[in-house]
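Model, not experiment: these values are computed from the prediction.
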Amino acid sequence: SSSSSSSSFRRRATRNATLFVGGGYFHCDNATSVLVFYPDDATRYPLVAFAPGDLEHEAGWGVESRYAPFLRTIAERGFVVAAPLSDGGWCAAAPYDQQLVIRLARGDHPHNTSAFWRARVDLARGVGLLGVSMGGLAAIDNAARLPDVAAAVAVAPFWDGRHAMLRELGADPMRRVACPTMLVLGGDDTWVPPSFGRALYARLPSVVPRAYAVVDGYVHHTIRASPTAALATAAFFACIIMPAQDDAVTHSECRVMERAFAVANTTSSSSLPASDDAVRRQPPLGLALEPGVYETASLPP
């Protein structure tokens, strides 16, 4: 079956699977499997490849236990979300592990799981990249590096210039990003404060479709638990990554996202024109966001 439009932004029943890949494929923490959340129907959906943050400082926490609600919420809105399954989560090779998830979906691996991906993933319009904390930096790096990325979302991208990963990247990847990109931050994050996120956002090329969200009341290690972080991420991917069979692309999801942002934006919702009273009272179906600061620029018409 081919993809179907997600313009209603409705929730879908989902399932998850752990696919064994084998040792020596992923680089971080000897991960041997990939965790996948996907809609439980016969339709094929776009792929979102996920890069987690550093989990080593929280013993007993892994990718599944820490990120499952976040990733499942995105899958419910019409995406196949896949992540290397490890206990430590992040390492300097995180960008490459994110690339390996995409290779798996293409069937480019000797431990052949291609039948699973063929039945569920539509790669025709490119893939989405998603990362949290240091994984957000991995997503930005791959957005600048890979040719077939449709959109990227970095949640609280931890940007420590002392880290070896940044030295390996060389030139600032933000200025090399060519795909639509969104940054999501916690309003009370002291590791990646909104002022720093704003500076990163400003370094994106001006022609790149982009969005910026700061969700009030969240810190660095809780932003992953924000329903808004997941919903805004899914909305941005839905805005950009359109179903492959749609010949006349209208990007109606972008209008839904813009309306939801206007309702939730603490800096502008009170100044919405009188004609938008109904919008203020009733956000778009499925996209009721927590208060914060929300912006978009150059989204598709």
What heavy-atom pair brings [X] and [Y] nearest, and what distance separates the two atoms?
X      : Y      : answer
Ser133 : His220 : OG-NE2, 2.8 Å
Leu185 : Gly197 : CD2-CA, 3.7 Å
Val214 : Pro194 : CG1-CG, 3.8 Å
Val80  : Arg120 : CG2-O, 3.4 Å
Ala150 : Pro180 : O-CD, 3.1 Å
Pro46  : Gly78  : CD-O, 3.6 Å

How far does [atom1] of [X] sit from [atom2] of [Y], to the nearest 0.5 angstrom?
X      : Y      : atom1 : atom2 : result
Gln98  : Leu129 : CD    : CG    : 4.5 Å
Asp97  : Ile102 : CG    : CD1   : 11.5 Å
Arg210 : Thr181 : CZ    : OG1   : 9.5 Å
Phe79  : Ile74  : CZ    : CD1   : 8.5 Å
Asn16  : Leu71  : CG    : CG    : 10.0 Å
Ile240 : Glu253 : CD1   : CD    : 10.0 Å

Given side chains that start at C-beta, do those of [X] and [Y] come closer than 4.5 Å, heavy atoms only?
X      : Y      : answer
Tyr67  : Pro52  : yes
Phe70  : Val132 : yes
Leu104 : Phe26  : yes
Val36  : Trp117 : yes
Val63  : Pro84  : no
Thr228 : Tyr294 : yes
Leu289 : Phe261 : yes
Pro157 : Ile140 : yes

query = So, Glu290 versus Tyr218: side-chain donor-acceptor pair below 3.5 Å or not?
reply = yes

Is there a chain of hydrophobic side chains (I, L, V, M, F, W, Y, each step under 4.5 Å between heavy atoms) that links [X] to [Y]?
X      : Y      : result
Val149 : Val208 : no
Leu146 : Leu123 : yes
Trp191 : Met134 : yes
Leu299 : Met182 : yes

request  = Go through the steps for Thr14 and Asp40 under the test side-chain contact (heavy atoms from CB on, under 4.5 Å), then give the verdict.
outcome  = CA-CA 5 Å; Thr14 61; Asp40 187 18; 5.7 Å; no

query = Looking at residues at least two apart in the chain, or sitting in another chain, which of them share a side chain to side chain contact (heavy atoms under 4.5 Å, CB included) with Ala17?
reply = Leu19, Tyr38, Phe116

request  = Would you check, one step at a time, whether the test side-chain contact (heavy atoms from CB on, under 4.5 Å) holds for Leu231 with Arg77?
outcome  = CA-CA 8 Å; Leu231 285 172; Arg77 266 64 188 190; 3.5 Å; yes

remark   = Sequence neighbours excluded, the answer for salt bridge (Lys or Arg N to Asp or Glu O under 4.0 Å) partners of Glu258 is Arg255

note = salt bridge (Lys or Arg N to Asp or Glu O under 4.0 Å) filter on Arg203, not counting sequence neighbours, yields Asp172

